[in-house]
Amino acid sequence: MTKDKIYFDYAATTPVDHEVFEAMKPYFTDIFGNASSIHQFGQEARSAVDNARKISADFFDCKGSEIIFTGGATEANNLALKGILQTLKISGQKQIANPEIIISPIEHHSILDTARALQKEGIVVKYVPVDNFGRIKAGELATLINLNTVLVSVMYANNEIGTIEPIREISNIIAEVKKDAKKSNGIYPLFHTDAVQAVEYLDCNVETLGVDMLTMSAHKIYGPKGVGLLYVKRGTPIARIMDGGAQESGMRAGTTNIASVVGLAKALELIRKQDRSKVMGLRDKLVESVMKQITGVKYNGSKKFRLPNNANFSFEGAEGEGIVVSLDMDGFGASTGSACAAEGLEPSHVLKAIGLSDLDAHASLRLTLGRGTTDEHISKIVTALPPIIDRLRSISGGQAKREFKDKVPDDFGC
Ligand code: PMP
């Protein structure tokens, strides 16, 4: 049905790569055993999981025993936050009287809502602020950390505006804090990053990043939906949050989804073969053309610290939802705000956090590129967009009334 349509929503999900699909196929039918069974059917499945774990561990430069396969990134993020707090409960930790966690205000809902759920249980949640480009103010982090801080969770790259966060800088700050006995009890604070949007494009070596935990999801990297993983550094005090079987070293109960973890590993393997420069050139061409052809446009997010496949605009006087629907009718798949929030009428929390008014946040369009994007696709959308914006503006009662002050963010120096 969508064969002739053009996809500009790779941050929402990606198609399964044919090589990934081929790698998965035998595990639905021929090699169908339960990886926990001791007979040969089970052992064959087990060895596929072991191999997928090894490939994943190689990718993130960690040990296989530090990988927990999950049913996606939402589950991995829940496990990271709730699992860390759960250990405190179980061990009845007396050193940390009033546990606190620190997150950024632009996290995905799977972090934000998990933090809110913990808050209802009495955990203090603090937010490290972001600047107008969506970069966290790392300098302010140290002032938020105290002896009660058990966890800092900051995403590696944002799903709406593509801003890349200073993960190494944050882990350095935490390492410094850990040296200061007045602020740390040695183990805490732990550091988690949601790397879902980063895995395709950025270095995800957990040693280099200096993280204790890292989340990824296969369907953002041309793997299947419903599978992801949480890297957990050896020795990290974390408890399971789901009761049942002893799979994943007791950390994630439930029969292992063999085909999916095989697909996840294959998708990780394929990343190394990608030419990442291509997508950035196409994105830059897209941004340049849009800014040139349409007045009253703001380019949201950072220019310097940005995923190479992300573009996010606000078109004054045009409704984001209207733009997406019109683009859809013209054969383009795009998004306003985050795909997961697309049903809600609330303006994007990310755009609000970087200082946009409700009006400008509602006027946003996210275009994300991927392996299938071509030069022709860019030319086509750049031709389709101006009349759509004109039409929507005339419906809403006028053309762009003002020029945005910061049309293109000037953050090269920060
Ligand atoms: N974190 C980020 C940054 C995401 O973009 C997404 C997907 N939109 C998720 C977490 C949730 O991933 P999943 O769909 O695998 O649960």
Side-chain angles (χ1 to χ4, degrees), residues 7-16 20 56 67-82 103-117 130 134-136 153-165 167 192-202 204 209 211 213-231 241-242 252 254 257 260-261 263-265 267-268 301-302 305-312 333-344 348-351 353-354 364 366-370:
Y7 191 64
F8 273 102
D9 206 8
Y10 286 87
T13 197
T14 57
V16 172
V20 170
S56 306
I67 298 284
I68 302 169
F69 289 122
T70 64
T74 298
E75 184 190 321
N77 283 343
N78 270 265
L79 176 59
L81 269 60
K82 292 176 183 165
I103 62 173
S104 88
I106 62 165
E107 296 297 310
H108 186 263
H109 279 287
S110 53
I111 291 287
L112 286 179
D113 293 357
T114 303
R116 279 180 202 134
V130 292
R135 290 268 287 182
I136 75 144
S153 180
V154 173
M155 67 199 326
Y156 196 171
N158 183 266
N159 45 305
E160 292 191 39
I161 52 175
T163 302
I164 299 166
E165 299 299 341
I167 300 301
H192 166 255
T193 189
D194 173 348
V196 165
Q197 297 288 340
V199 170
E200 172 84 356
Y201 299 107
L202 309 176
C204 281
L209 292 174
V211 295
M213 293 182 287
L214 176 146
T215 291
M216 68 81 63
S217 177
H219 76 99
K220 309 286 184 174
I221 58 160
Y222 306 84
K225 293 168 182 56
V227 63
L229 65 77
L230 181 68
Y231 154 75
I241 57 168
M242 199 155 56
R252 202 274 180 172
N257 187 339
S260 287
V261 300
L264 178 149
L268 284 175
S302 167
F305 304 105
R306 188 176 200 118
L307 287 175
N309 73 325
N310 173 291
N312 190 310
S335 131
T336 173
S338 94
C340 318
E343 282 160 26
S348 145
H349 67 283
V350 176
L351 298 178
I354 62 168
S364 77
R366 180 185 74 176
L367 298 175
T368 45
L369 289 59

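We count ligands from 1, going down the list as the structure has it; atoms in each ligand are counted the same way.
Between the side chain of Thr14 and the backbone N or O of His219 there is at least one donor-acceptor pair closer than 3.5 Å.
Atom OG1 of Thr336 and atom CZ of Arg366 lie 9.0 Å apart (nearest 0.5 Å).
Counting the atoms of ligand 1 from 1 in the order shown, those under 4.0 Å from a heavy atom of Ser110 are 10 (C). The distance from ligand 1 to the heavy atoms of Gly72 drops below 4.0 Å at these ligand atoms: 15 (O). Of all atoms in ligand 1, numbered sequentially from 1 with element shown, those under 4.0 Å from a heavy atom of Ser217 are 13 (P), 15 (O).
For Lys220, the closest heavy-atom approach to ligand 1 falls below 4.0 Å.
Nearest to atom 9 (C) of ligand 1 by heavy-atom distance, out of His219, His109, His108, Met155, is His108.
If you look at Gln197 next to ligand 1, the close heavy atoms, those under 4.0 Å, all belong to the side chain. Neither the backbone nor the side chain of Lys225 comes within 4.0 Å of ligand 1, counting heavy atoms alone. If you look at Ala73 next to ligand 1, the close heavy atoms, those under 4.0 Å, come from the backbone and the side chain alike. Within the 4.0 Å heavy-atom criterion, the part of Asp194 lying near ligand 1 is the side chain and not the backbone.
Residues Thr215 and His192 are in side-chain contact: their nearest non-hydrogen atoms beyond the backbone lie under 4.5 Å apart. Side-chain atoms of Ser56 and Phe69, non-hydrogen and from C-beta on, do get closer than 4.5 Å to each other. Two residues are said to be in side-chain contact when any heavy atoms from C-beta on lie closer than 4.5 Å; Val261 and Val227 meet this criterion.
In summary, the side chains of Thr13 and Lys225 do present a donor paired with an acceptor at a separation below 3.5 Å, with no hydrogens or angles considered. With hydrogens and angles left out, the side-chain atoms of Thr368 and Asn310 include no donor and acceptor closer than 3.5 Å.
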